[in-house]
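Structure, as structure tokens:
One is the number of the first residue; the rest follow in order along the sequence. Just so you know, ligand 1 is whichever comes first in the structure, and atom 1 is the first atom listed for that ligand. The shown structure was predicted, so the numbers you read here are calculated from the model rather than taken from an experiment.
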Amino acid sequence: MDKKGMLIVISAPAGCGKDTIVHGLFREFGEFSKYSEFEVYKNKLKLHYSVSATTRAMRTGEEEGVHYYFITREKFERLIGEGEFLEYTEYCGNYYGTRRKTIMNTIEEGGNIILKIEAEGAANIVRMFPDAVLIFILPPSLTELRRRLVSRGTEDDNTIELRIQRARIELANAGDYKYHVTNDDLQTAINEVADIILSEIDRRDGHE
Ligand code: 5GP
């Protein structure tokens, strides 16, 4: 059994709740899940998370090495030069990058790894890993998206406008993704993402 793990790319415009969905996914199906009834899924899903590096400022509640590795622009640019990143992008004025070593080690060991990255990064990943599983999270509507971004209160008005503009572009390109999940009801969305991953595992194992 030396089967390689798969890459699961989850994208969504800011404010669609992808962080909450991924958090829920790990709470219920991750390594440290307390839900014994999910044991069978947990063992099958073998979920890991790719912690990206970023140059953006840490938000309240975020932790170094858990949500991101928070680094300076100088360090990020040096790491680009050293080939540290499998892919990276500049998003609304900050760098974000996926660390090559984490991904390669995890899939070599048969783990499935979730990359929570934006659309440009997703396209780069598919170029390198054509069988990566691409999931796009949709907001119920753009009005609801704006409401969520404003009520979250983590960004200033300019950044919110920038992120909404970017959201329009990303939503227009959502067709490039194989799977789409609407985050209307959180639990339903979490279950849908888990089902997608389980069905992809089955498909790869050859019993659809
Ligand atoms: P945020 O600042 O809200 O945490 O993230 C902004 C955007 O950057 C989100 O769409 C997030 O998914 C994306 N992102 C986070 N890490 C990476 C990464 O390593 N690579 C790419 N391409 N995008 C990322």
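Atom CE of residue Met6 and atom CD of residue Glu200 lie 6.0 Å apart, to the nearest 0.5 angstrom. Going from atom CG of Leu162 over to atom CD of Gln165 covers 6.0 Å, rounded to the nearest 0.5 Å. If you take OG1 on Thr106 and CG on Leu7, they are separated by 9.0 Å, rounding to the nearest 0.5 Å.
Each of the following atoms of ligand 1 lies closer than 4.0 Å to a heavy atom of Arg59: 1 (P), 2 (O), 3 (O). Every atom of ligand 1 with a heavy atom of Arg163 under 4.0 Å away is listed here by number and element: 1 (P), 2 (O), 3 (O), 6 (C). Counting the atoms of ligand 1 from 1 in the order shown, those under 4.0 Å from a heavy atom of Arg56 are 1 (P), 2 (O), 4 (O). Within the listing of ligand 1, atoms 22 (N) sit less than 4.0 angstrom from a heavy atom of Gly121.
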### Task
Output, in order, the C-alpha distance, side-chain angles, deciding distance and verdict of side-chain hydrogen bond (donor to acceptor under 3.5 Å, both in side chains) for Asp156 and Thr159.
CA-CA 5 Å; Asp156 59 34; Thr159 311; 2.6 Å; yes
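The closest protein non-hydrogen atom to atom 20 (N) of ligand 1 is Glu87 OE2, 2.7 Å. Scanning the protein for heavy atoms near atom 19 (O) of ligand 1, the closest one is Ser52 OG, 2.7 Å. With hydrogens left out, the protein atom closest to atom 22 (N) of ligand 1 is Glu118 OE2, 2.6 Å, a heavy atom. Protein heavy atom nearest atom 11 (C) of ligand 1, with residue, atom name and distance: Lys116 O, 3.8 Å.
Using a 4.0 Å heavy-atom cutoff, Tyr68 is listed among the residues neighbouring ligand 1. Ligand 1 is approached by Lys18 to a heavy-atom distance shorter than 4.0 Å. Residue contacts with ligand 1: His67 is excluded, as none of its non-hydrogen atoms falls under 4.0 Å. The closest approach between Tyr88 and ligand 1 stays at or above 4.0 Å for every heavy atom of the residue. At least one heavy atom of Gly97 sits less than 4.0 Å from an atom of ligand 1.
Crowding of Arg168 atom CZ: a count of heavy atoms from other residues, nucleotides or ligands under 6.0 Å not exceeding 12. Counting non-hydrogen atoms of other residues, nucleotides and ligands closer than 6.0 Å to CZ of Phe129 gives a total above 12.
The main-chain N or O of Arg59 is found under 3.5 Å from a side-chain atom of Glu62 such that the two form a donor-acceptor pair. With hydrogens and angles disregarded, a donor-acceptor distance shorter than 3.5 Å links the side chain of Thr54 to the backbone of Arg56.
Residue Val126 is not grouped with residue Ile8 when hydrophobic side chains (ILVMFWY) are merged at heavy-atom distances under 4.5 angstrom, including chains of intermediate members.
Using a 4.0 Å cut-off between heavy atoms, Tyr91 contacts ligand 1 through its side chain alone, with no backbone atom that close.
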